[in-house]
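Protein chains get the first letters and strands the later ones, always in sequence-line order, with residue 1 at the start of each.
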2 protein chains.
Amino acid sequence: MSGLTIGRLAEATATKVQTIRYYETIGLLTPFTRTEGGHRLYDRKDQKRLTFIRHARELGFPIEAIRELLSLSDNPQTSCERADDIARRRLDEVEQRLTRLKALQKELKRMVAECGHGRVCDCRVIEVLSDHRLCQASH
Amino acid sequence: MSGLTIGRLAEATATKVQTIRYYETIGLLTPFTRTEGGHRLYDRKDQKRLTFIRHARELGFPIEAIRELLSLSDNPQTSCERADDIARRRLDEVEQRLTRLKALQKELKRMVAECGHGRVCDCRVIEVLSDHRLCQASH
DNA sequence: CTTGAACCTCTAGTGACTAGAGATTGTAGG
DNA sequence: CCTACAATCTCTAGTCACTAGAGGTTCAAG
């Protein structure tokens with residue numbers, strides 16, 4: 001009997017069993033076959049595909065982008081312009097988030113640093129939250 | 001007739017009408033009264049409360065944390081230790097995300113930079129996604 | 001008194017999983 | 001061959017913080 005069970009595949013790719021099944025329901029990853037009893041069986045190709053999916057997810061690509069990247073990957077002769085495009089868009093997003101998070105970090109740091117550890121009525125954390133004008137960074 | 005309608009409150013706080021209603025269903029913000037016909041009416045205190053909520057959301061505090069911060073704010077004589085704690089936890093989260101996003105940024109930048117704009121079979125984007133070992137940063 | 005904007009409630013959808021119930025299958029040991 | 005029991009199956013619902021829309025009612029201006 002060749003093929004990995006869903007449990008083994010989950011182990012091999014550090015993915016939860018339910019997640020793998022979820023990818024099947026949304027049409028991202030179908031097991032190459034099933035046992036007579038209905039258990040899923042995956043082959044090496046499936047495993048590679050899942051690795052690709054997980055890696056892209058780790059980099060924060062949304063499922064729909066991954067769907068497109070997979071279909072590009074399945075057609076190696078096509079131009080890689082779209083892949084490039086998708087990656088660049090993701091990079092833009094990441095950079096926007098970075099900018100925002102840095103502003104948040106600054107503000108939170110200041111709030112925490114200025115808290116005198118006394119009562120709520122004197123608390124800088126509560127005070128700043130009540131009044132945006134007390135913020136220095138824009139967020 | 002005193003008080004703001006939901007629409008005016010929405011305008012004043014740059015919040016969507018539905019979002020304000022949502023905050024009511026989860027018990028975060030109740031209008032101080034209603035018209036005979038059932039329309040919500042908000043007062044200044046409600047507006048301040050919503051401002052607090054929105055500001056905290058902008059800083060990424062989850063609703064449950066905001067609920068607690070609000071109740072602290074309503075009891076100014078209590079110690080601000082918890083408020084401090086919540087803010088510090090949020091700061092930790094933000095810093096963790098920053099670290100991760102910086103790693104993603106690095107990896108995506110490299111992917112995009114190394115793409116030769118040719119065919120998919122030679123595409124660095126696709127190649128890196130297929131094989132995590134090609135990544136330099138851990139993510 | 002009419003018009004039409006603003007409001008009402010209720011339900012369902014988003015993204016990417018995650019959790020659990022209740023039933024079936026696979027496999028190792030006896 | 002039988003028995004445990006782990007692993008798997010399907011199906012449904014929950015997560016978070018909204019967002020969108022249907023279908024109906026109220027309010028304010030003219």
Side-chain angles (χ1 to χ4, degrees), chain A residues 1-42 46 50 52-70 86 89-90 93 97 100 104, chain B residues 1-42 46 50 52-70 86 89-90 93 97 100 104:
Chain A
M1 180 97 49
S2 73
L4 294 159
T5 63
I6 196 168
R8 299 254 178 264
L9 180 64
E11 237 176 294
T13 59
T15 309
K16 298 206 173 162
V17 166
Q18 295 106 305
T19 304
I20 298 175
R21 286 200 279 248
Y22 168 69
Y23 289 155
E24 186 174 347
T25 68
I26 61 169
L28 268 198
L29 180 72
T30 312
F32 89 107
T33 190
R34 297 234 184 179
T35 65
E36 277 188 20
H39 287 199
R40 292 164 177 85
L41 286 178
Y42 299 89
D46 295 333
L50 181 54
F52 186 104
I53 294 168
R54 294 306 291 172
H55 194 190
R57 285 293 303 130
E58 273 174 32
L59 288 164
F61 288 95
I63 296 282
E64 287 318 305
I66 295 173
R67 203 188 292 283
E68 199 175 342
L69 288 168
L70 280 167
I86 291 170
R89 187 160 317 157
R90 176 66 192 141
E93 267 176 37
R97 283 223 193 159
R100 190 176 144 73
L104 298 194
Chain B
M1 181 97 47
S2 72
L4 294 160
T5 63
I6 197 168
R8 298 253 180 266
L9 180 64
E11 236 176 295
T13 58
T15 308
K16 299 208 171 159
V17 165
Q18 295 107 304
T19 303
I20 299 175
R21 286 200 278 250
Y22 167 70
Y23 289 155
E24 187 175 347
T25 68
I26 61 169
L28 267 198
L29 180 72
T30 313
F32 89 107
T33 190
R34 296 238 184 175
T35 64
E36 278 187 21
H39 287 200
R40 293 164 177 86
L41 285 178
Y42 298 89
D46 295 334
L50 181 53
F52 186 105
I53 295 168
R54 293 306 290 175
H55 193 189
R57 284 295 300 131
E58 273 173 31
L59 287 164
F61 288 95
I63 295 282
E64 287 317 304
I66 296 174
R67 203 188 291 282
E68 200 174 342
L69 288 168
L70 280 168
I86 291 170
R89 187 159 319 157
R90 177 65 191 140
E93 266 176 38
R97 282 221 195 163
R100 190 175 142 73
L104 298 194

Please state how far atom [atom1] in [X] lies from atom [atom2] in [N], giving the value in whole angstrom units.
X	N	atom1	atom2	answer
A:Leu41	D:dT8	CG	P	10 Å
A:Arg21	D:dA7	CZ	P	13 Å
A:Gln18	D:dA13	CD	C1'	14 Å
A:Tyr23	C:dT18	OH	C1'	12 Å
A:Arg34	C:dT25	CZ	P	13 Å
B:Leu28	D:dC18	CG	P	9 Å
A:Tyr22	C:dT14	OH	C1'	10 Å
B:Ile53	D:dA17	CD1	P	12 Å

So does [X] get a side-chain nitrogen or oxygen closer than 4.0 Å to the phosphate oxygens (OP1/OP2) of [N]?
X	N	value
B:Thr19	D:dT19	yes
A:Arg54	C:dC17	yes
A:Thr35	C:dG26	yes
B:Lys16	D:dA20	yes
A:Arg40	D:dT8	no
A:Thr5	D:dA7	no

By nearest atom, which of the nucleotides C:dC7, C:dC17, D:dA20 is closest to the A:Arg57 side chain? C:dC17

Picking from D:dA20, D:dC27, C:dA16, the nucleotide nearest the side-chain atoms of B:His39 would be D:dC27

Output yes when a side-chain donor or acceptor of B:Arg54 lies under 3.5 Å from a complementary backbone atom of B:Thr13, and no otherwise.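 No, because the side chain of B:Arg54 does not come within donor-acceptor range (under 3.5 Å) of the backbone of B:Thr13.
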
Within a reach of under 6.0 Å around CZ of A:Arg97, are more than 12 heavy atoms found that belong to other residues, nucleotides or ligands? no

Need to verify one output field. Residue with the more 5' nearest nucleotide on DNA chain C, A:Gly38 or B:Val17? B:Val17

